[in-house]
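Both ligands and their constituent atoms are indexed starting at 1 by order of listing. No experiment lies behind these values; they were computed from the predicted model shown.
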Amino acid sequence: MELDLSGINIRISDDMHTWEEVNLLYNSALKQITTKIEILNEEFQEVHRYNPIEHVKARVKSPESIVKKLKRNGYESTIENMVRYINDIAGIRIICSFTSDIYRIAEMISNQKDIQVLLVKDYIMNPKNSGYRSYHMIISLPVYLSDRIVYVKVEIQIRTVAMDFWASLEHKINDKYEAEVPEHIKRELLECAEMVSDLDAKMMSLNEEIKDAGDE
Ligand code: GTP
Ligand code: MG
């Protein structure tokens, strides 16, 4: 499911004029979402004695990759186009242990009043042809400046350790061969993706079982 987000973001792009401003705003948005996620994780640890999140990585996309992506999509390199069409200028990746954690985290994020979920892509329910699995959200959240509020988009990717392991290797292979990944490697990657999915399912049910045993 793809939505056209361009309308929603007009107000956003009107508020950013220079790369310095863009960088400041997206960095601020990342700091906020990182803190929100830390708080959720600590609260969860307090209440349930359990850490749903293994680790978190956040990055602002480099100007070079932003320009490359704009060009790839047929847009001129302007600040307005960046802000309007590139959804992953600010990106955060949340790695957790179990598939059930992914949906729990996604729900906790969506429920926050100041966060607006613009787009969800569930590549766990609907894996990509490559075998890629992950849960993606594009959200927008307010950044408070001295004289105005700017709504900034952040791409959130949530995946298990096993899905992350697979995605890193696949990414490395794609980089190495560029567009020409040999068929047998693609096939084996797809097989690995199925194994990852089976592993995640087994680990989750084992975890449920020991949790039930602990509750008795
Ligand atoms: P991009 O132009 O790559 O950002 O894709 P998109 O705008 O169609 O969005 P999508 O949700 O499909 O992908 C966003 C991000 O998810 C990518 O930038 C990658 O970080 C990651 N991703 C998506 N598909 C794959 C895949 O097949 N393999 C790997 N390793 N990562 C993927
Ligand atoms: Mg991307």
Side-chain angles (χ1 to χ4, degrees), residues 1-9 12-13 22 26 29-30 33-34 37 54-77 80-96 99 102-103 105-106 109-110 115-140 152-197 199-200:
M1 177 192 58
E2 287 279 354
L3 287 178
D4 179 14
L5 304 179
S6 49
I8 299 171
N9 301 313
I12 304 178
S13 44
V22 168
Y26 283 92
L30 270 187
I33 188 78
T34 304
I37 288 158
E54 283 287 330
H55 61 270
V56 172
K57 278 183 252 175
R59 65 103 184 88
V60 172
K61 206 178 185 74
S62 70
E64 295 77 27
S65 341
I66 294 174
V67 166
K68 227 164 91 186
K69 192 164 180 176
L70 278 174
K71 203 181 251 172
R72 198 167 65 232
N73 293 315
Y75 298 113
E76 235 184 291
S77 295
E80 194 181 347
N81 284 345
M82 269 182 205
V83 173
R84 189 178 292 190
Y85 297 113
I86 310 295
N87 289 332
D88 64 343
I89 296 180
I92 184 159
R93 190 171 287 157
I94 304 170
I95 312 297
C96 44
T99 311
I102 296 177
Y103 291 99
I105 293 161
I109 293 171
S110 320
I115 289 182
Q116 197 189 351
V117 178
L118 302 177
L119 178 64
V120 168
K121 292 191 208 166
D122 186 345
Y123 295 126
I124 299 165
M125 296 287 276
N126 303 297
K128 288 202 168 183
N129 291 335
S130 60
Y132 179 74
R133 284 172 171 78
S134 222
Y135 189 94
H136 293 187
M137 293 197 283
I138 309 291
I139 60 147
S140 117
V152 179
K153 283 184 287 187
V154 178
E155 180 186 78
I156 306 179
Q157 302 180 347
I158 318 176
R159 48 170 87 142
T160 63
V161 179
M163 290 171 194
D164 191 50
F165 185 32
W166 184 94
S168 310
L169 179 62
E170 196 251 9
H171 186 78
K172 210 155 65 186
I173 290 171
N174 278 332
D175 266 1
K176 183 141 189 149
Y177 291 99
E178 285 167 11
E180 303 294 325
V181 181
E183 279 309 314
H184 77 279
I185 294 188
K186 279 194 204 161
R187 202 169 51 240
E188 284 184 64
L189 270 173
L190 199 55
E191 278 169 30
C192 286
E194 295 305 320
M195 287 158 80
V196 161
S197 168
L199 177 67
D200 272 336

Regarding atom 14 (C) of ligand 1: of the candidates Glu155, Lys172, Met163, which has the closest heavy atom?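 Nearest heavy atom to atom 14 (C) of ligand 1 lies in Glu155.
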
Which of these, Tyr132, Tyr123, Trp166, has its nearest heavy atom closest to atom 31 (N) of ligand 1?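 Minimum heavy-atom distance to atom 31 (N) of ligand 1 goes to Tyr132.
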
Glu178 and Asn174: side chain donor to acceptor below 3.5 Å: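 There is no such pair (donor and acceptor under 3.5 Å, judged by atom type) between the side chains of Glu178 and Asn174.
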
Looking at [X], which atoms of ligand 1 are within less than 4.0 Å of one of its heavy atoms?
X	answer
Gln157	15 (C), 16 (O), 19 (C), 20 (O), 21 (C)
Ala167	30 (N)
Lys121	6 (P), 8 (O), 9 (O), 10 (P), 11 (O), 12 (O)
Asp88	4 (O)

Suppose we call two aromatic rings close when their centres sit under 6.0 Å apart. Are Tyr135 and Tyr123 close by that rule?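 No, the ring centres sit 6.0 Å or more apart.
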
Would Arg159 and Asp200 pass as an ion pair if we require N to O under 4.0 Å?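 A salt bridge is absent here (no side-chain N lies under 4.0 Å from a carboxylate O).
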
Once rounded to the nearest 0.5 Å, what's the spacing between atom CD1 of Ile115 and atom OG of Ser140?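 Answer rounded to 0.5 Å: 9.0 Å.
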
Polar-atom distance check: Arg159 versus ligand 1, any N or O pair below 3.5 Å?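 No - when backbone and side-chain N and O of Arg159 are compared with those of ligand 1, no distance drops under 3.5 Å.
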
Do any nitrogen or oxygen atoms of Glu170 come within less than 3.5 Å of a nitrogen or oxygen of ligand 1?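 By distance alone, the answer is yes.
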
Take atom CG of Asp175 as the centre, draw a 6.0 Å sphere, and report whether it contains more than 12 heavy atoms from other residues, nucleotides or ligands.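 Atom CG in Asp175 is packed in, count exceeds 12.
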
Could you check whether the rings of Tyr132 and Trp166 sit parallel, tilted or perpendicular, using 30° and 60° as the cut-offs?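 Correct class here is tilted.
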
